[in-house]
Asks: 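One structure is given below, represented as structure tokens, and several questions about it will come after.
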Amino acid sequence: MATSAEADWVSRFADEVIAEAERRAPGKPIVCASGLSPSGPIHLGNLREVMTPHLVADEIRRRGHDVVHIISWDDYDRFRKVPAGIDSSWSEHIGKPLTSVPAPPGSEYANWAEHFKAPMIAALAEMGVEYHGISQTARYTSGVYREQVLFAMRERERIDAILDRYRTKDKPAAARKPQQKLDEADAAAAEAAAEGSGAASEDDGTADAGYFPYKPYCSVCERDLTTVIAYDDETTELSYTCACGHSETVLLSEHDQGKLVWKVDWPMRWAYEGVVFEPSGVDHSSPGSSFVVGGQIVKEIFGAEQPIGPMYAFVGISGMAKMSSSKGGVPTPADALEIMEAPLLRWLYARRKPNQSFKIAFDQEIQRLYDEWDALERKIDDGTALPADVAAYSRAIGTAAGPLPETPRPLPYRTLASIVDITTGHAEQTLRILRDLDPERPITSLEETRPRLDRAERWVTTQVPAEQRTRVRDEPDTELLGSLGHGERESLRLLLDGLDDHWSLDGLTALVYGVPKVQAGLAPDAKPTPELKVAQRGFFALLYRLLVGRDTGPRLPTLLLAAGADRVRKLLGA
RNA sequence: GGGCCGCUAGCUCAAUGGCAGAGCUGCGGACUUUUAAUCCGUAGGUUCAGGGUUCGAGUCCCUGGCGGCCCA
């Protein structure tokens, strides 16, 4: 196993967490935690909230310790605002728990929270992330946190005093910030991240009647537009009014409609679950943030310790086509898994330390990424990979539970992309080209190249701009054909005459290079001269013009095979 | 105004106080190869600046600069 000299960041955290857990709660399962708010699409930035503890927990599990990774679904949080694209009538639900808001129109799910949890759950399963999901709605409405709620109310003055250390006197006057130079995706991601972490502009529970760390959801309208006006520690009688006009008095010792405010809720759960490791976004790094305040509350009020909590930086996106960003503008893990295999996505999160930001490629960069991945695999095989690279690789391809599915014949992604581009995904043609790629070890079934083939195809169809796609002409370019000189006509004739006898990848390769040689009076297998190379290039450009209407394109033999002999004859004016 | 993080080769990043290193790009070569093909070779550095601690600092401390973000 990894010694300290070759440990990566995951291993180092695992060391620390194991030691801490041993000190805090010897003999009990080690608890790592993530929190996710299903208030909208759960995007690739939020995935870091899960992957960071996942990787650490997995390392701990690999070492044979008992460990649990909790994902807390903050589905009892209030519905804050109606996102763009949703009917404005949803505004009547603002203030309700996310589990009490109807799912977006057309959804098969019971409510807003379930609708956005579902794709994340599917993605985590595909990525091999093992976790214990906890619905905060279920926790609060079943009274699990009863004692913690009553305790927090009893201690409200001390909590208020802690919060007060960070309150600033003059609330308003928050000068509008100058126009940021973020592009749309970044801005949306930053906003979504802030939403998810519950950091910004959270009502901390201050009211005229005093401070109360508990906020009831109204029994009539379900919204949290409530104000606590009285509370009795002895009887636990709590009186509130709601903006809807309703008012009532309930026994908090029996009442289950409401929750602790975020800055108290989070530390309460650290204490309740005994969380040893939980990361947080960089937006928690300022004084007064819920992470900083929570650290004091968990210690001074709940008598527990704050988790070891690395701050993680944002995850960016490069080149996401506007169209397919799933309804929210920011791509989700499901979006990424459409164009890359799960180990690749895991690798991105494993190889960078949490405090490093990185980008996930939806553009051409993904080809480079895959090249790098394949090169790493070769280095692992021949033993020349660096220890940290080996660690990241092993965390990417599987978990303590076993390896993730892999592609049996991992052909270069760029090759697959190029092939599906020109065959437009046609299975028979794709297989024919794949079979001819390596005659020594011919591919006999598309299955051998899956799932990578499917990811490449998905990438080509959803992410490659139309102007970069190869589109074989439907009709011949009669104008260009008509303007050709004698030599050019002759070259096309030589090519067409040879088509039937050279209809294979190698045959066509010899043919397309041979035509200019024959024209120059050389033997088809003559060594190329500089002049000949110029002639070849000119000939190729002519063919590309006639076949795809541009000067360049996929390698000609592949292109000819994909287009088919009949179409080639038609387009070349036979 | 306060805070967090970052700054190392052209780019993306390694280096846990102990010889500054990879990938890509570039350059040279091989190849009958083409949407950034592949293989071989090679170059590339005031580690943001200044000071301090140390036998030894990219790494630790202080001051400053620049960038990103958060809070006010």
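The analysis underlying the following values was restricted to heavy atoms, covering all of them including side chains, and did not include hydrogens, waters or symmetry mates. Below, read A as the first sequence line, B as the second, and so on, with proteins coming before strands; counting in each chain starts at 1.
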Asks: Counting only heavy atoms from other residues, nucleotides and ligands, does the tally under 6.0 Å from CZ of A:Arg471 exceed 12?
Replies: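 For A:Arg471, atom CZ is not crowded (no more than 12 foreign heavy atoms under 6.0 Å).
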Asks: Do A:Trp266 and A:Ser290 have side-chain atoms, one donor and one acceptor, less than 3.5 Å apart?
Replies: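 Side chains of A:Trp266 and A:Ser290: no pair found under 3.5 Å.
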Asks: Select one nucleotide: of B:rA15, B:rU32, B:rC13, the one nearest the side-chain heavy atoms of A:Gln356.
Replies: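 Shortest atom-to-atom distance from the side chain points to B:rC13.
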Asks: Need the pair for B:rU54. Rule: Watson-Crick or G-U wobble, both distances under 3.5 Å, any strand; none if unpaired.
Replies: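 Across any shown strand, B:rU54 pairs with none.
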Asks: Do A:Trp373 and A:Tyr393 pass the ring pair (Phe, Tyr, Trp, His ring centres under 6.0 Å) test, and can you show the C-alpha distance, the side-chain angles, and the key distance before you say yes or no?
Replies: CA-CA 9 Å; A:Trp373 171 257; A:Tyr393 179 82; 5.1 Å; yes
Asks: Applying a 3.5 Å limit to both distances, which nucleotide forms a Watson-Crick or G-U wobble pair with B:rG21?
Replies: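 Matched B:rG21 with B:rC13 under the 3.5 Å cut-off.
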Asks: Closest nucleotide of RNA chain B for A:Ala541 versus for A:Phe358: which of these residues is on the 5' side?
Replies: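 Looking at RNA chain B, the more 5' nearest nucleotide goes with A:Phe358.
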Asks: In whole Å, I'd like the distance from the CZ atom of A:Arg414 to the P atom of B:rA36.
Replies: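 Atom CZ in A:Arg414 sits about 9 Å away from atom P in B:rA36.
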Asks: Taking only side-chain N and O atoms of A:Lys353, does any of them lie within less than 4.0 angstrom of OP1 or OP2 on B:rA15?
Replies: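 Indeed, a polar side-chain atom of A:Lys353 lies that close.
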Asks: For B:rG6, take OP1 and OP2 only and decide whether either is under 4.0 Å from a side-chain N or O of A:Asn355.
Replies: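 For B:rG6, OP1/OP2 do have a side-chain N/O of A:Asn355 under 4.0 Å.
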Asks: Please evaluate residues A:Gln296 and A:Arg165 with respect to the criterion side-chain hydrogen bond (donor to acceptor under 3.5 Å, both in side chains), reporting the C-alpha separation (whole Å), side-chain torsions for both, the decisive distance (0.1 Å), and the verdict.
Replies: CA-CA 11 Å; A:Gln296 306 206 347; A:Arg165 294 173 197 162; 2.4 Å; yes
Asks: Given the C1' atoms of B:rC7 and B:rG58, what is the spacing between them in whole Å?
Replies: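 To the nearest whole Å, 11 Å.
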Asks: Between B:rU35, B:rA37, B:rC5, which nucleotide has the shortest distance from any of its atoms to the side chain of A:Ser418?
Replies: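 Among B:rU35, B:rA37, B:rC5, the one nearest the side chain of A:Ser418 is B:rU35.
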Asks: Round to a whole Å and report the spacing from CE of A:Met311 to C1' of B:rC71.
Replies: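 Spelled out: CE on A:Met311 to C1' on B:rC71 is 12 Å.
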Asks: If we take the P atom in both B:rU54 and B:rU46, what is their distance in whole Å?
Replies: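 B:rU54 and B:rU46 have their P atoms separated by 28 Å.
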Asks: Using a cut-off of 4.0 Å on non-hydrogen atoms, how would the nucleic acid contact of A:Arg550 be classed: base, sugar-phosphate, or nothing?
Replies: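 If one applies the 4.0 Å heavy-atom cut-off, A:Arg550 turns out to touch a base.
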Asks: Ignoring the backbone of A:Lys517, work out which of B:rU35, B:rC24, B:rU32 is nearest its side chain.
Replies: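 Nearest listed nucleotide: B:rU32.
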Asks: Is the positively charged end of A:Arg351 above the ring of A:Trp347, judged by distance under 6.0 angstrom from the centroid and angle within 45° of the axis?
Replies: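 Relative to the ring axis of A:Trp347, which defines the angle, A:Arg351 lies inside both limits.
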Asks: The side chain of A:Tyr513 is closest to which nucleotide in this list: B:rA15, B:rU33, B:rC5?
Replies: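 That would be B:rU33.
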Asks: So A:Tyr413 and A:Tyr370, would you call those rings parallel, tilted or perpendicular, with 30° and 60° as cut-offs?
Replies: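 Taking A:Tyr370 first and then A:Tyr413, their aromatic rings lie parallel (interplane angle under 30°).
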Asks: Separation of A:Tyr370 atom OH from B:rC24 atom C1', in whole Å?
Replies: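 Distance, rounded to whole Å: 19 Å.
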Asks: Which protein N or O atoms sit under 3.5 Å from an N or O of nucleotides 20-22 of chain B?
Replies:
none

Asks: Could you pick out which residue, A:Arg469 or A:Asp371, lies toward the 5' side of RNA chain B when each is mapped onto its nearest nucleotide?
Replies: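 First, find each residue's nearest nucleotide; the 5'-ward one identifies A:Arg469.
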Asks: Residues in side chain to side chain donor-acceptor pair (under 3.5 Å) with A:Asp58, at least two apart?
Replies: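 A:Asp58: side chain to side chain donor-acceptor pair (under 3.5 Å) contacts with A:Arg62.
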